[in-house]
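For ligands, and for the atoms within them, numbers begin at 1 and follow the listed sequence. Residue numbers run from 1 in the order of the sequence given.
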Amino acid sequence: MCKKCYVSTPIYYASGNIQIGNSYTTVACDVYARYNRQMGRKTFFLTGMDEHGQKIEEAASKAGVEPQAFVDEVAKQTQALWQAMHIDYDYFVRTTDKNHEKVVAEVFEQLLKNDDIYLGSYSGHYCVSCETFFTEKELGENHTCPDCGKPTKIVSEESYFLRLKKYAHPLLEYIESHPDFIQPITRRNEVVSFIQSGLEDLCVSRTSFEWGVKVPSNPKHVIYVWIDALFNYLTSLGYGSDQLENYQTFWVNNARVLHVIGKDILRFHAIYWPILLMALEIPIQFKLYVHGWILTKEGKMSKSRGNAVYPMELMSRYGVDSVRYYLAKELPLGNDGLFSYERFIERYNTELANDLGNLVSRTVSMIEKYCGGMVPELKEATPYDASLQETALLAIRETKKNFEAFELQNAMQATWQLVRRVNKYIDETAPWLLAKDENKVGELSTVMYHLAESLRIIAHLVAPYLVETAPKILQSIGQPEDGFDLEDLSFGKPSDGAKVVKMESLFQRLDMKLELEYFEKKKNAVSEVKKEAETPLISIDDFSKVVLKIGEIIDCKKHQNAEKLLVSQIQIGSEIRQIVSGIAMHYQPEEMVGKKVVVVTNLKPVKIRGVESCGMVLCAANEEKLELLEVEKMPSGTMVR
Ligand code: ME8
């Protein structure tokens with residue numbers, strides 16, 4: 001068995017926008033890396049940031065800071081997020097790392113020297129957002145980007161090109177002779193037909209912006225951000241430096257090298273990356289696992305659509321494990337998954353609170369009640385033990401088999417077969433009845449042993465994703481942590497007098513209605529803020545067109561034709577104005593008299609339900625409450641500024 005593992009996420013664009021969708025890759029890789037460590041493999045888990053390119057240069061300039069300061073801040077925030085999500089990476093690469101930049105520049109020169117890169121000129125449709133050129137036939141309606149829908153620009157410039165055409169045939173041969181190179185197979189087929197439809201040489205440099213690695217022999221050119229980014233997988237291992245140990249261990253001599261990516265970046269990884277490696281005669285060691293997207297009812301998550309859900313928001317309400325659980329469970333390899341709060345809460349309640357959380361607390365309570373808190377050893381058999389043990393062994397086998405294949409969802413399902421079986425075992429054996437019968441003491445002990453032993457196994461199987469819960473389960477059944485070794489996990493560890501520990505419930509059941517209301521309210525609040533942010537700014541001259549004065553209400557009556565309106569007579573300095581206000585649901589006419597309020601005095605007079613209104617009284621209001629803006633000391637007629 002291969003005792004090593006190298007797994008990588010894509011490096012995230014330093015746009016500082018990690019939502020629940022794109023945090024999927026990182027959680028999934030973390031789960032896989034933890035599984036491999038539990039299998040006793042020496043594991044290198046890589047993630048990081050993609051920090052060059054026009055998009056980032058523009059974002060920094062919009063924020064009014066230098067690009068380096070901009071990406072430093074985003075990297076800090078991203079690392080804090082990963083820490084909060086318990087992402088246990090071995091290395092966090094940044095493409096602005098000096099050693100990375102140096103290797104990218106050298107690699108480019110090498111490709112140039114080998115004539116795999118040549119100088120030409122390019123004219124085409126470029127999407128700044130996706131950092132990608134598109135051919136005419138690939139474009140969406142009105143020359144928009146087929147990926148993000150934004151307008152593309154025609155860009156014409158002297159450029160370097162990478163010879164993709166030259167490598168099309170060898171790449172097809174490689175894919176054919178390595179059937180598991182791209183998984184799932186649908187993605188592999190997509191790549192094959194794309195190559196078969198004819199590859200064009202790829203434009204790999206830009207001259208219209210500065211923020212990137214310069215071509216050393218022609219520094220007006222910045223190296224294409226994807227060449228720069230893809231090499232992170234090697235520079236992180238020391239490739240191109242004098243410290244090649246990790247490169248040798250985790251790349252050259254390793255059968256388990258995995259790049260996990262989303263479907264939108266398949267072409268870069270399945271075509272450009274292996275071609276770059278072929279051109280440099282670096283072995284193609286990696287396999288690609290391609291996942292779909294997490295969508296919401298409104299489609300792909302994006303900040304601009306306002307449907308993005310952020311992991312911090314969920315974690316602070318429901319804890320880290322439930323978010324990791326949801327993400328790992330939601331995406332079958334290859335297909336898209338859905339995020340909705342309903343689904344999240346449903347999964348939380350059914351699978352975490354009911355199936356697992358309850359099982360742990362019931363087991364602990366019963367062992368306390370029936371066995372004085374000490375996990376007993378096996379005694380007299382019950383008719384249900386054999387089937388439970390069989391399910392436990394099957395769950396171990398199937399969970400591991402699916403983790404091996406990066407089928408996280410199936411791995412979790414295999415474990416839940418056991419969780420459900422143990423719950424059923426409690427119903428079948430009915431320990432509360434056994435406890436009433438003196439002749440059944442032996443069977444009761446056996447049942448309690450089976451419950452605790454099953455929980456020990458479950459804790460090991462869920463440890464890659466329920467990182468906070470798994471140690472708590474072990475603690476509650478009085479078992480020491482053993483690094484959650486999965487290699488030798490089996491049923492039948494002696495209980496050795498372990499003592500159970502009663503703990504707070506692992507997952508509190510949630511009230512679906514209340515939770516949905518909470519998020520609905522939050523969504524409304526966010527859209528209010530967004531609306532406000534979208535309101536155009538006005539100048540001081542615009543503001544000074546509005547004349548505001550203090551007025552004292554000297555008389556007030558109900559409007560005769562409208563129950564929501566009050567008609568007030570307001571003294572403003574020496575003049576008296578009549579003003580109609582929609583506040584009758586909040587104020588009685590008599591309580592209005594004597595109030596000194598803020599009045600807009602230069603509004604054009606209007607008739608409201610037949611009554612003339614010459615101005616407006618200002619109030620603070622939301623959906624529930626309304627309050628007049630009042631002053632105490634200032635005399636009527638005072639200007640408000
Ligand atoms: O692509 N659901 O970075 P990135 C699932 N810098 N996955 C999603 C998703 C969603 N809603 N949205 C995005 C880049 N992703 C490049 C990578 S690697 C040499 C350079 C995934 O920050 C996306 O598919 O735009 C990608 O795998 C990852 O998030 C990072 O995306």
Undergrad: Heavy-atom distance under 4.5 Å between the side chains of L327 and I294, does that happen here?
TA: yes
Undergrad: Ring pair (Phe, Tyr, Trp, His ring centres under 6.0 Å) with F344: which residues, sequence neighbours excluded?
TA: Y318, Y326
Undergrad: Does a side-chain N-to-carboxylate-O contact under 4.0 Å join K522 and E517?
TA: no
Undergrad: Parallel, tilted or perpendicular for W416 and Y325, by the 30°/60° rule?
TA: tilted
Undergrad: Under 3.5 Å, side-chain donor or acceptor atoms of residues 262-269 against the rest of the protein: list the pairs with distances, not counting sequence neighbours.
TA:
unit_1 : atom_1 : unit_2 : atom_2 : d
K263   : NZ     : D336   : OD1    : 3.0
K263   : NZ     : D336   : OD2    : 3.1
D264   : OD1    : W293   : NE1    : 3.4
H269   : ND1    : I265   : O      : 3.0
H269   : NE2    : Y233   : OH     : 2.6

Undergrad: Residue by residue, ordered by chain and number, which ones reach under 4.0 Å of ligand 1 with a heavy atom?
TA: P10, I11, Y12, Y13, G21, N22, T25, D50, W226, A229, L230, N232, Y233, I261, G262, D264, I265, H269, H291, G292, W293, I294, K300
Undergrad: Going by atom type alone, with no hydrogens or angles, which donor-acceptor pairs under 3.5 Å involve a side-chain atom of residues 112-119 and a protein atom two or more places apart or on another chain?
TA:
unit_1 : atom_1 : unit_2 : atom_2 : d
N114   : OD1    : Q110   : NE2    : 3.2
D115   : OD1    : R163   : NH2    : 3.1
D115   : OD2    : R163   : NH2    : 3.3
D116   : OD1    : K166   : NZ     : 2.8
D116   : OD1    : Y167   : OH     : 2.9
D116   : OD2    : Y167   : OH     : 3.2
Y118   : OH     : D201   : OD2    : 2.7

